[in-house]
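Okay, so here's the structure we're looking at.
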Amino acid sequence: MENKSKDFLRRVVEKDLKSNKYNKIVTRFPPEPNGFPHIGHAKSISINFGIAKDYQGHCNLRMDDTNPTTEDTQYVEALKDAVEWLGFDWEGNVRYTSDYFDEIYNYAIRLIKMGKAYVDSLGEEEIREYRGTVKSVGKRSKYAERSITENLELFEKMKNGEFSEGKHILRAKIDMSSPNMKMRDPLLYRIRHAHHFRAGDKWAIYPMYDFAHCLSDYMEGVTHSICTLEFENNRDIYNWVLDTLSLNPPRPYQHEFARLGINYTMMSKRKLLELVENDAVNGWDDPRLPTIAGYKRRGYTPQSILNFCEGIGIAKANSMVDVAQLEFSIRDDLNTKVPRVLCVMNPLKVTITNYQGSEEIEASYYPHDVPKEGSRKLPFSKEIYIDRSDFKQNPDKGYFRLTPNQAVRLKYAYIISCQEIIKDENGEIIEIKAEYYPNSKSGEDKSGIKVKSAIQWVEKNAAKEIEVRVYDRLFKNEAPQGIEDLNPNSLQIIKNALIEPAVITDKPDERFQFEREGYFYADPIDYSSEFPVFNKIVGLKESSAKKKKAPQVVEKIKKIQIDGEVVAMSEDQEALFEKYTKEDKLNSEVANTLARDKKLSAFYQEALNELKSPINLANIISNEVARELKSKEINELKFSPKQIAELIKMIDDELISTKIAKVVYEEMAKSGKNPKQIVESKGLIQISDPKILLPIIEEIIDKNPDNVEKFRGGNTKLLGFFVGQVLKATKGKGNPKVVNLLVGERLKD
RNA sequence: UGGGGUAUCGCCAAGCGGUAAGGCAUCAGCUUUUGGUGCUGACAUUCGGGGGUUCGAAUCCCUCUACCCCAUCCA
């Protein structure tokens with residue numbers, strides 16, 4: 001279990017713990033209380049609280065309530081409820097960004113005093129214009145020139161409510177020409193004469209997300225601030241604020257993951273609201289909604305939601321999870337937990353003509369493979385109901401249930417066979433006259449009759465009538481956009497389903513499996529024993545024979561990709577390219593890489609002056625050195641062209657393998673040590689002597705007989721496996737060319 | 001002057017230079033008094049495309065392509 005692969009966030013956390021960057025990790029779940037939480041929030045809750053739990057840390061629940069016009073306390077209740085329902089504990093008080101307003105305000109003043117923030121008095125329209133566009137730089141407002149004292153005064157007045165909304169704004173002074181739009185002097189505070197649901201009317205100014213969030217994280221001692229991908233661009237501000245305020249360490253860092261998408265589901269708060277407001281659904285807890293309240297009302301267990309979140313993983317790729325995965329989670333959870341019970345959704349009367357009197361049949365609540373105890377008595381008499389779909393006068397091939405010439409077992413009871421079909425004037429079947437086999441009773445069956453199916457049934461007089469709400473997916477499209485994509489049949493209400501009496505009278509549970517139908521939940525609001533109402537949580541999995549859909553053959557078409565045009569080389573680059581290919585005999589790809597990059601070509605030239613080994617030099621420079629030079633200048637490098645030349649010299653002299661060369665290079669790039677020194681101190685001279693290599697190879701081969709067999713069976717890829725093992729055994733020092741040869745030969749016989 | 005991300009099976013997703021994990025879905029077979037469950041097996045000669053480096057590349061380099069995010073006084 002411990003070897004399970006970790007997601008990238010947990011890996012970061014582990015690294016930070018190991019390096020003692022933090023000695024305890026703190027996360028937070030920071031929703032804005034402006035809507036009902038949905039399964040996307042569940043993912044975030046599962047990540048933040050889950051990570052805290054896994055690493056003995058702590059997770060805060062924080063309401064990010066910086067926008068008084070959209071937020072409300074009913075949402076904070078729903079949010080708290082969601083976290084609790086999922087089984088997490090925020091230990092202590094719920095946090096509110098609004099509780100930090102004073103401190104955040106003081107930080108703003110500090111920024112002003114540092115000359116890093118200013119009061120801007122441009123209008124909304126102008127601010128937008130000044131910001132520039134994605135492809136053009138912005139320009140700074142003239143108000144950025146205001147003196148610190150003036151800024152302080154103005155900001156104070158803003159706070160005191162002396163200005164109307166939109167009159168002024170506090171901005172950070174960063175860079176109006178930043179390629180990151182978010183960094184073009186981001187807004188820090190805006191004037192808002194609104195009542196805040198917690199702070200009341202104390203404030204006339206409210207901090208923006210970008211200012212409040214990082215500081216709130218910092219004040220709470222958060223170490224890992226985990227949010228969704230769309231905040232990637234905001235990370236720069238996050239860091240800027242915390243860095244320029246030069247706060248006492250440790251400070252939090254932001255990490256982003258992909259938000260959850262599920263097909264046939266809509267997750268946007270705004271659009272969800274639209275559904276509720278247009279009465280397309282019955283409130284926020286409509287069981288068809290992907291809200292936590294919806295799932296809860298539908299009958300999903302917290303565990304199933306958590307399992308789902310764990311199952312889908314955490315990554316940075318935008319993705320769309322199949323609803324089937326969610327449905328699996330709830331089935332899988334309920335399968336081992338919930339009593340099985342008989343319910344007939346669509347009753348068809350069956351009279352057993354040769355049965356007299358009545359009896360009670362003992363029936364276990366759980367099937368043989370669920371290790372739980374419990375049973376009830378099923379009343380039985382000559383008049384029963386079965387489901388309409390369990391009888392067919394003219395069955396297709398492969399139909400397992402009752403037909404004029406096929407007997408069926410009444411689950412836990414007797415085998416019956418059809419004697420007569422009674423129809424009404426419209427030709428609709430209204431009753432079946434059947435006979436039972438007295439010696440076929442479950443558990444004491446001596447009839448010798450083999451049936452293909454055992455169906456659910458209820459006794460006519462004892463059965464209770466219930467309402468069943470059968471839910472289907474809310475949308476008919478895989479990627480629904482809104483109301484227009486609604487599935488018209490997402491709710492079907494069955495008013496007079498019949499259920500065995502024990503379910504209502506004993507109420508052994510709230511969730512049941514109605515055998516052969518699915519999992520159902522006693523509606524927490526509308527259910528009463530006089531008027532029982534059940535929600536269908538999810539159907540049972542149906543295998544092919546039952547749904548008898550033709551398997552679809554999807555042809556795989558390889559997409560043809562048209563390459564775009566490559567930017568032409570400049571004249572200088574062209575000349576270099578010429579030289580590289582003609583004089584130095586470099587291949588055109590390497591020559592191209594070198595010629596197009598000033599830093600690389602300069603580096604290469606210098607190295608070449610040290611050692612006339614153009615190809616090997618060019619190769620390592622266009623590959624390894626290029627990586628380093630992506631983010632650095634030549635003078636920032638810890639190593640020189642001369643050292644690279646030295647390294648290549650060792651390869652040329654066959655002192656070391658290219659594999660070792662990479663190791664040496666890494667070390668050199670990190671420490672700046674001389675390659676020769678590294679090789680000597682670590683004893684990395686390569687081993688090419690077969691006399692030394694052969695015994696090692698022998699040992700590896702002995703240890704992996706099954707892989708030898710597979711290799712001989714034609715899996716030639718395994719050669720790489722053996723080479724890898726041998727190289728590992730020699731700590732990388734084996735000459736891979738020689739090892740390859742030797743292993744190849746040895747494996748043949 | 002654009003920048004920041006992402007791409008591995010139908011859907012998620014591991015993998016960090018040495019045998020392409022796992023789950024969902026699907027398809028077989030066995031078990032089954034649920035057409036459920038369970039068990040067994042099948043399911044990527046290949047990692048968005050093309051090159052290059054290497055004995056060896058999903059992993060390193062170059063390049064192209066596609067998709068997502070950013071120009072709210074929202075978060």
Side-chain angles (χ1 to χ4, degrees), chain A residues 4-5 31-32 34 64 66-67 70 124 127-128 131-138 165-166 169 177-182 184 187 189-192 208-209 213 229-235 256 258 263 311-313 315-322 324-325 328 331 335-336 340 367-370 400 409 411-412 442 445 451-456 513 515-516 540-546 551 554 559-566 587 589-590 592-593 596 619-620 622-624 626-627 657-659 662 707 710 715 717-725 727-728 735-741:
Chain A
K4 268 216 325 213
S5 58
E32 182 190 11
N34 70 344
D64 207 6
T66 57
N67 186 356
T70 57
E124 208 172 328
I127 286 188
R128 202 184 348 269
R131 187 143 38 209
T133 72
V134 116
K135 295 205 190 267
S136 63
V137 299
E165 288 186 14
I169 197 133
S177 59
S178 170
N180 179 356
M181 295 296 293
K182 296 271 182 196
R184 322 252 254 228
L187 276 46
Y189 266 95
R190 78 288 216 182
I191 299 170
R192 201 96 319 162
M208 305 287 290
Y209 165 86
H213 202 92
L229 246 29
E230 65 267 29
F231 291 100
E232 272 171 330
N233 296 317
N234 301 59
R235 189 174 55 221
E256 311 88 9
N263 59 8
I312 56 174
K316 296 190 80 157
N318 285 315
S319 54
M320 189 66 80
V321 178
D322 196 333
Q325 184 114 13
F328 164 80
R331 278 193 204 108
N335 178 42
T336 54
R340 315 294 141 119
H368 64 95
D369 49 355
V370 173
F400 288 179
R409 174 176 295 281
K411 180 120 197 193
Y412 306 117
S442 232
D445 185 356
V451 291
K452 286 189 176 141
S453 188
I455 62 172
Q456 72 272 29
Q513 186 194 99
E515 291 211 39
R516 305 208 306 130
L540 257 27
K541 195 174 159 178
E542 290 187 6
S543 47
S544 52
K546 204 169 177 185
V554 185
K559 270 183 277 175
I560 299 163
Q561 206 161 273
I562 301 156
D563 276 7
E565 233 170 89
V566 182
N587 80 40
E589 198 60 36
V590 172
N592 187 47
T593 306
R596 281 175 183 273
N619 283 344
I620 194 168
S622 70
N623 285 289
E624 315 306 314
R627 179 168 59 251
S657 63
T658 48
K659 188 185 173 77
K662 293 213 175 172
N707 275 338
K710 275 198 232 165
N715 190 348
K717 268 184 309 188
L718 253 21
L719 183 63
F721 163 75
F722 285 108
V723 173
Q725 293 296 308
L727 254 31
K728 205 171 167 189
N735 181 334
K737 284 184 196 170
V738 178
V739 171
N740 248 294
L741 216 69

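To find a chain, count down the sequence lines: A is the first, B the second, and so on, and within it residues start at 1.
- We find that CG of A:N715 is positioned 13 Å from C1' of B:G18, with the value rounded to whole Å.
- No engagement by A:I455 is indicated, since no non-hydrogen atom pair under 4.0 Å with the nucleic acid exists.
- Under the side-chain contact (heavy atoms from CB on, under 4.5 Å) criterion, A:L540 pairs with A:Q513, A:Y519, sequence neighbours left out.
- Annotation: B:U59 and B:A20 have their P atoms spaced 13 Å apart (nearest Å).
- Listed nucleotides B:G52, B:U54, B:U34 differ in distance to A:R340; the shortest reach to its side chain belongs to B:U34.
- Between the base of B:G36 and the side chain of A:Q513 there is no donor-acceptor pair shorter than 3.5 Å.
- Among the atoms of the strands shown, base atoms are found under 4.0 Å from some heavy atom of A:K411.
- Comparing B:U34, B:U53, B:U19 by their closest approach to the side chain of A:N623 singles out B:U53.
- At the heavy-atom level, A:I312 lies under 4.0 Å from the strands shown only through sugar-phosphate atoms.
- Taking atom P on both nucleotides, B:C64 is separated from B:C27 by 44 Å, rounded to a whole Å.
- When distances run from any side-chain atom of A:S319 to the nucleotides B:C12, B:A7, B:G52, the shortest one goes to B:C12.
- Using a 4.0 Å heavy-atom distance criterion, A:K717 is classed as a base contact.
- With C1' as the reference atom, B:C9 and B:A14 are 14 Å apart, rounded to whole Å.
- For B:U63, neither phosphate oxygen OP1 nor OP2 lies less than 4.0 angstrom from any side-chain nitrogen or oxygen of A:N592.
- Judged by centroid separation below 5.5 Å and plane tilt below 30°, A:F400 stacks onto the base of B:G35.
- A:L741 has its CG atom 18 Å from the P atom of B:U54, to the nearest Å.
- A:S136 approaches A:R184 most closely through the heavy-atom pair O-NH2, 2.6 Å.
- Summarising the geometry of A:D445 relative to A:R409, their closest heavy-atom pair is OD2-NH2, 2.7 Å, with the distance given to 0.1 Å.
- Note on A:Y412: a base of the nucleic acid sits closer than 4.0 angstrom, heavy atoms only.
- At the heavy-atom level, A:N707 lies under 4.0 Å from base atoms of the strands shown.
- Between the A:D322 side chain and the A:Q325 main chain, no donor and acceptor come within less than 3.5 Å of each other.
- Put simply, A:R331 has no side-chain N or O that comes within less than 4.0 Å of OP1 or OP2 on B:U37.
- Phosphate contact (OP1/OP2 of B:U26, side-chain N/O of A:K541, threshold under 4.0 Å): present.
- The interatomic distance linking A:I620 (CD1) with B:U54 (P) rounds to 11 Å, in whole Å.
- Residue-level contact check: A:R409 touches the bases, meaning some heavy atom is under 4.0 Å from a base atom.
- The nucleotide whose nearest atom lies closest to any side-chain atom of A:E232 is, among B:C62, B:G4, B:C60, B:G4.
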*What does nucleotides 70-75 of chain B look like as a protein-contact string, B for base, S for sugar-phosphate only, - for none, at under 4.0 angstrom between heavy atoms?*
BBSBSB
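- Under the 4.5 Å side-chain criterion, counting only non-hydrogen atoms from C-beta, A:H213 is not in contact with A:N234.
- Put simply, the side chain of A:Y412 reaches to within 4.5 Å of the side chain of A:E515, judged on heavy atoms.
- Around atom NZ of A:K728, no more than 12 heavy atoms belonging to other residues, nucleotides or ligands sit under 6.0 Å away.
- Within 4.0 Å of A:D369, counting heavy atoms only, lies at least one base atom of the nucleic acid.
- No side-chain donor-acceptor contact under 3.5 Å links A:N623 and A:R627.
- Note on A:V321: only backbone sugar-phosphate atoms sit closer than 4.0 angstrom, heavy atoms only; bases stay farther off.
- No donor-acceptor contact under 3.5 Å links the side chain of A:E542 to the base of B:G35.
- Place A:N263 and A:R596 on RNA chain B by their nearest nucleotides, and A:N263 ends up nearer the 5' end.
- Here A:N67 contributes atom CG and A:E32 contributes atom CD; the two are 5.5 Å apart, rounded to the nearest 0.5 Å.
- Comment: A:E232 does not engage A:R235 in a salt bridge, judged by the lack of any side-chain N to carboxylate O separation of less than 4.0 angstrom.
- The distance between atom CZ of A:R184 and atom P of B:G3, rounded to the nearest whole Å, is 12 Å.
- Base pairing analysis places B:U53 opposite nothing; no Watson-Crick or G-U wobble pair with both distances below 3.5 Å involves it.
- A:N587 has its CG atom 14 Å from the C1' atom of B:U63, to the nearest Å.
- Nucleotide B:U32 carries an anti base; the chi torsion (O4'-C1'-N9-C4 or O4'-C1'-N1-C2) is more than 90° from 0.
- B:G36 sits 25 Å from B:A44 when the P atoms are compared, rounded to a whole Å.
- Between the side chain of A:D322 and the base of B:C11 there is no donor-acceptor pair of N/O atoms closer than 3.5 Å.
- The base of B:U53 lies outside donor-acceptor range of the side chain of A:E624, with no N or O pair under 3.5 Å.
- Residue A:Q561 contributes atom CD, which lies 12 Å from atom P of B:C64 at whole-angstrom precision.
- Put simply, CD on A:E624 and NZ on A:K662 are 4.0 Å apart, with the number rounded to the nearest 0.5 Å.
- Applying the ring pair (Phe, Tyr, Trp, His ring centres under 6.0 Å) rule to A:F231 yields the partners A:Y209; only residues at least two apart in sequence or on another chain are considered.
- Side-chain proximity of A:T593 to the nucleotides B:U34, B:G52, B:C62 is greatest for B:C62.
- Spacing of C1' atoms, B:A21 relative to B:C16, comes out at 15 Å, to the nearest Å.
- With both ends at atom P, the span from B:A57 to B:G18 equals 12 Å, rounded to whole Å.
- For B:G36, one of the phosphate oxygens OP1 or OP2 lies less than 4.0 angstrom from a side-chain nitrogen or oxygen of A:S543.
- Between B:G22 and B:G15, the distance separating the two P atoms is 14 Å to the nearest Å.
- If you check distances only, the side chain of A:K662 never reaches the base of B:U53 with a donor-acceptor pair under 3.5 Å.
- Residue A:K659 is classed as a base contact, given a heavy-atom separation below 4.0 Å to a base.
- Pairing for B:C27 is with B:G41, a Watson-Crick or G-U wobble pair whose two hydrogen-bonding atom distances lie under 3.5 Å.
- Comparing the C1' positions of B:C11 and B:C70 gives an interatomic distance of 29 Å, to the nearest angstrom.
- Here B:C16 presents its P atom at 15 Å from CZ of A:R627, a figure rounded to the nearest Å.
- Here the C1' atom of nucleotide B:G56 and the CG atom of A:N735 are 13 Å apart, to the nearest Å.
- With both pairing distances under 3.5 Å, B:A7 is matched to B:U65 as a Watson-Crick or G-U wobble pair.
- Across all strands shown, A:G720 has heavy atoms under 4.0 Å from base atoms, whether or not it also approaches the sugar-phosphate.
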